[in-house]
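Heads up, the thing below is written out as structure tokens.
Labels below follow one simple rule: chain letters A, B, ... track the order of the sequence lines, proteins then strands, and each chain is numbered from 1. None of these values were measured; they are calculated from a predicted model.
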There are 2 protein chains.
Amino acid sequence: MARAKEFDREVVLERAMEFFWAQGYEAASMRDLLDAMQIGRQSLYDTFGDKHSLFLASLGHYYEMGVGSVVAQLSAPDGGLSAIEDYFDGMARRMTTKPYRSCLLINSAIELAPHDPEVAKIVNRFVKNLRKGFAKALEVAESKGEAHVDDIDAVSWHLTNSAMGLGPMSKARVPYKDLKLVSEQILKNIRA
Amino acid sequence: MARAKEFDREVVLERAMEFFWAQGYEAASMRDLLDAMQIGRQSLYDTFGDKHSLFLASLGHYYEMGVGSVVAQLSAPDGGLSAIEDYFDGMARRMTTKPYRSCLLINSAIELAPHDPEVAKIVNRFVKNLRKGFAKALEVAESKGEAHVDDIDAVSWHLTNSAMGLGPMSKARVPYKDLKLVSEQILKNIRA
DNA sequence: TCCGTTATGGACCGAGTGGTCCAGAATGTT
DNA sequence: AACATTCTGGACCACTCGGTCCATAACGGA
């Protein structure tokens, strides 16, 4: 054996993810990416491969670190309506404060999915999981008597669509005040 | 006077718009753009200025030719619920057939608005107009007794959010069948 | 201590970018 | 017919892109 890596893979991947999230794929140049990751050029190529592979790794990291747990909370056995409420209000609040970034997966859907089958696959899987999460939360809500949903399939798709809408809305600079109205209206529609 | 232009400004602008629509801003190179527009290099720069100006012109053209009339139909005095229904079903159908392109303005919101104040302004104006269109359609629907809307502000924002959601949804390859469910559910929520 | 292995970062590469320049062709006016 | 004006398209520019190469430094094992 010989010299050990001077950086932690997780740490620099996190930085890459942050940078892609803030800039988008095309707009993020490898040079700026290197700066942001605070890592040597060759080290990056040795560790992650090319730009596209690095992006896929970042997307994976984003899912595991961020979205995964949020979606999981939708399926919590004690969740129901409040889980859905938390999801939408959390999203609305996150998108309209501090770094003003919408969801990396939604961004990727728009920018890359049409030309990039691998990204398209990941995004499609995310959407399906999100819908499943909503469906589960609706079942729980129904069993708790919080809501009466006649067609869980239709309503869960509708909720998924509403979640995706928040991305473009925040990018269009719609303020939290109005996104809050959206979130409340969504809840009102499914409440018993 | 001298030689007349060999092309029609509207025609080549339409082609540019189509190309930006299909490719996105960054992914559309000037060389490919020239091919698509079937125009000489210098002619383009003389007529439209640089790439960014050409894009803004394309976006304007998109609004005037496409979205403008669609939004206008929402405000039609005999519209009401059916206008809203037509809007969503039309969007869902358009996004999931033939060239599979979502709305250029939604795409631009994601790709450019964060870094491009001019685009952000246009997108923001579009969103506000769309919301106004929905509000008007809701008023008409109410006056016709098709729906009872307690909070037009909240519901029109909700509809706007749902409309924006269709963009990412279609890019994520959600099929028409499911988008149709979304569209129906939206209507169900506001029907009396 | 010395060797083999690995990480490192700057030099470098070809390709492609948006944009400019200019010689020449095409046209309306006189 | 001759001129002035304008359009046209290819040559060309500086620059940036993603990616590779390589000499050197840093380290672990024997």
Can you measure [X] atom [atom1] to [N] atom [atom2] for me and round it to whole angstrom units?
X: K51(B); N: dT17(C); atom1: NZ; atom2: P; result: 9 Å
X: L34(A); N: dT8(C); atom1: CG; atom2: C1'; result: 12 Å
X: I39(A); N: dG10(C); atom1: CD1; atom2: C1'; result: 16 Å
X: Y45(A); N: dC13(C); atom1: OH; atom2: C1'; result: 12 Å
X: D46(A); N: dC21(D); atom1: CG; atom2: P; result: 12 Å
X: H52(B); N: dG19(C); atom1: NE2; atom2: P; result: 11 Å
X: E26(A); N: dC17(D); atom1: CD; atom2: C1'; result: 10 Å
X: Q23(A); N: dC17(D); atom1: CD; atom2: C1'; result: 16 Å

Which one, dG18(D), dA7(C), dG18(C), comes nearest to the side chain of S43(A)?
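For the S43(A) side chain, the nearest candidate turns out to be dA7(C).
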
Give the nucleotide from the list dG19(C), dG10(C), dG19(D) with an atom nearest to the side chain of D50(A).
dG19(D)

Assuming nearest nucleotide by heavy-atom distance, tell me which of G49(B) and Q42(A) is located more 5' along DNA chain C.
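So the residue in question is Q42(A).
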
M30(B) or G40(A): which one's nearest nucleotide on DNA chain C is closer to the 5' end?
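Nearer the 5' end of the strand: G40(A).
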
Determine, using ring centers only, whether H52(A) and H115(A) are less than 6.0 Å apart.
no

Assess whether one donor atom and one acceptor atom, taken from the side chain of R31(A) and the base of dG18(D), lie less than 3.5 Å apart.
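Pair found.
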
Answer with yes or no whether R41(A) presents, from its side chain, a donor or acceptor under 3.5 Å of a partner atom in the base of dT20(D).
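Present.
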
Would you indicate whether the side-chain heavy atoms of L81(A) and E85(A) approach each other to under 4.5 Å?
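No - every pair of side-chain heavy atoms lies 4.5 Å or more apart.
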
Using the ring of each side chain (for Trp, its six-membered ring), is H158(A) parallel, tilted or perpendicular to H158(B), with breaks at 30° and 60°?
perpendicular

Please classify the nucleic acid contact of A28(B) as base, sugar-phosphate, or nothing, using heavy-atom distances under 4.0 Å.
sugar-phosphate

Counting only N and O atoms by type, is there a donor-acceptor contact under 3.5 Å from the side chain of E142(A) to the main-chain atoms of V149(A)?
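Between the backbone of V149(A) and the side chain of E142(A) there is a qualifying donor-acceptor contact (under 3.5 Å).
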
Tell me if a side-chain donor or acceptor on E111(B) pairs with a main-chain N or O of Y25(B) at a distance below 3.5 Å.
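Checking the backbone N and O of Y25(B) against the side chain of E111(B), a donor-acceptor pair under 3.5 Å is found.
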
